[in-house]
Structures are given as C-alpha cells and as structure tokens.
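Only this structure's heavy atoms are used, side chains among them; waters, hydrogens and symmetry mates stay out.
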Amino acid sequence: MQKVASAPVRGQTVIARAAPNAASRRAILGVALLPALVYAPKALALIPDEEDEDLVEKAKANRRARLAQQRGVTRDFMASENLTDRRLEQELVPVQKAVYKLAKSGSQLEAGDLKGAASTLSESWVGDFNSVASTVSGSAAAGKLVEGIKSVQAAAAKGDAAGSKRAYVSLVSDLQSWASTSGLATSLKGL
C-alpha cells in the first residue's frame with residue numbers, strides 16, 4: 001500500500017510506504033468480534049411459528065382468503081374472455097345443487113309444507129356440499145353453513161313454521177356472505 005503525500009517543500013513529492021505487518025482497524029475489529037459472533041447465545045424469547053397456534057390459524061385464514069380472492073379474479077377473467085373452467089364447474093356441482101335444494105326447501109316452507117322441507121334438507125347433498133365448502137373456504141365456515149341447514153331441518157321436522165323460517169333466512173344470509181367471501185357468488189345461479 002503506497003500513499004502519496006505532498007511535501008511542504010516546493011516541487012518535491014514524498015512517497016510513504018505502510019509497514020507490511022501493520023493491521024488495519026477493520027481487521028482488528030473483525031478479530032475482536034469473531035468470538036462474540038461464534039458463541040452468541042440463541043434468542044430464547046422468540047417463539048417458533050409452528051408452536052404459536054393463534055399465529056398459525058391466522059396465517060391459514062389469510063392464505064385461504066388470498067386463494068379465494070385469486071380464484072375470484074381468475075373466474076372473472078375467464079368469464080370476461082368467454083372461457084370455461086371445466087374443473088371449477090365440476091367442483092361447483094355440489095354447491096349449485098345445494099343452492100337449488102335450499103331454494104326448493106324455501107318454497108316448501110313458504111307453502112307450509114314443513115315435512116317436505118325437512119325431507120329435502122335431510123338428503124345426501126348436505127354431505128357433498130360440506131366437503132366442497134370446506135375445501136373452498138375452510139372447515140369453520142362450511143361447518144357454520146351445515147349447522148344452519150341442520151337447524152332449519154330440525155325446526156321443520158318439529159313443525160315449528162316460524163322458527164324454521166327464521167333459521168332459513170339466517171341460513172340464506174350466511175350462504176350469500178360465504179359465496180361472496182369465497183368468490184363463488186358470480187359463478188352460482190339462483191343465489
């Protein structure tokens with residue numbers, strides 16, 4: 001390493017050479033901090049993400065919401081380009097069937113046919129709807145919808161017309177909010 005310095009004497013340049021064994025400040029600082037970095041204790045106050053159940057559930061919920069939003073964007077694009085997604089149509093068959101059966105049971109409740117409404121709501125389509133709904137939006141939201149279907153069915157089976165109508169209105173409201181949250185509202189007919 002050579003340094004050029006101007007001498008106080010006029011017209012003369014002095015070249016100063018650094019000593020070959022001289023250590024720089026960086027080297028000294030690096031050697032002094034190396035043991036501290038190697039033997040640094042772990043930060044035990046941090047909780048691993050996998051052990052914090054609330055954080056994991058929040059992350060899962062955020063991921064489901066992002067995926068639902070992305071599915072909605074994809075569906076909107078496909079509709080605007082007049083394209084069809086056959087796999088999506090196959091997945092929506094149980095949901096579309098549920099909408100149809102709920103509409104049928106609603107008309108039966110309105111006509112006063114409580115036994116017919118209870119029969120319609122106790123068929124096998126409820127299980128198919130539950131499995132598809134839980135994959136689309138998670139088991140908690142799907143469970144709430146299935147519980148709503150069961151409450152309408154139970155009230156209709158007991159012969160409680162007013163209670164079954166109240167439960168039906170609540171169920172339809174929950175279904176509409178679930179469909180809009182999961183991005184299925186534009187794909188379902190009769191909702």
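Linking Ile, Leu, Val, Met, Phe, Trp and Tyr whenever their side-chain heavy atoms come within less than 4.5 Å leaves L175 and Y100 in two separate clusters.
When atom types are taken as modelled, the side chain of T74 and the backbone of Q70 share a donor-acceptor pair closer than 3.5 angstrom. A donor-acceptor pair under 3.5 Å links the side-chain atoms of T120 to the main chain of G116, judged by distance alone.
The environment of NZ in K150 is sparse: at most 12 heavy-atom neighbours from other residues, nucleotides or ligands sit within 6.0 Å.
Across L109 and S164, no two heavy atoms sit closer than the pair CD2-OG, 3.5 Å. Closest of all the heavy-atom pairs between V146 and V126 is CG1-CG1, 4.1 Å. Of all the heavy atoms in V152 and Y168, the pair that sits closest is CG2-N, 3.4 Å. Between A155 and G163, the shortest heavy-atom distance links the atoms CB-C, 4.1 Å. Summarising the geometry of L171 relative to L145, their closest heavy-atom pair is CD1-O, 3.6 Å, with the distance given to 0.1 Å. Taking all atoms of both residues into account, the shortest heavy-atom contact from Q153 to S122 is NE2-CB, 3.8 Å.
A heavy-atom distance below 4.5 Å is not found between the side chains of V99 and F129. For the pair L102/L121, a side-chain contact is recorded, criterion being any heavy-atom separation below 4.5 Å from C-beta on.
Between the NZ atom in K115 and the CD atom in Q108 there is a gap of 13.0 Å [rounded to 0.5 Å]. A distance of 8.0 Å separates NZ of K101 from OG of S124, quoted to the nearest 0.5 Å.
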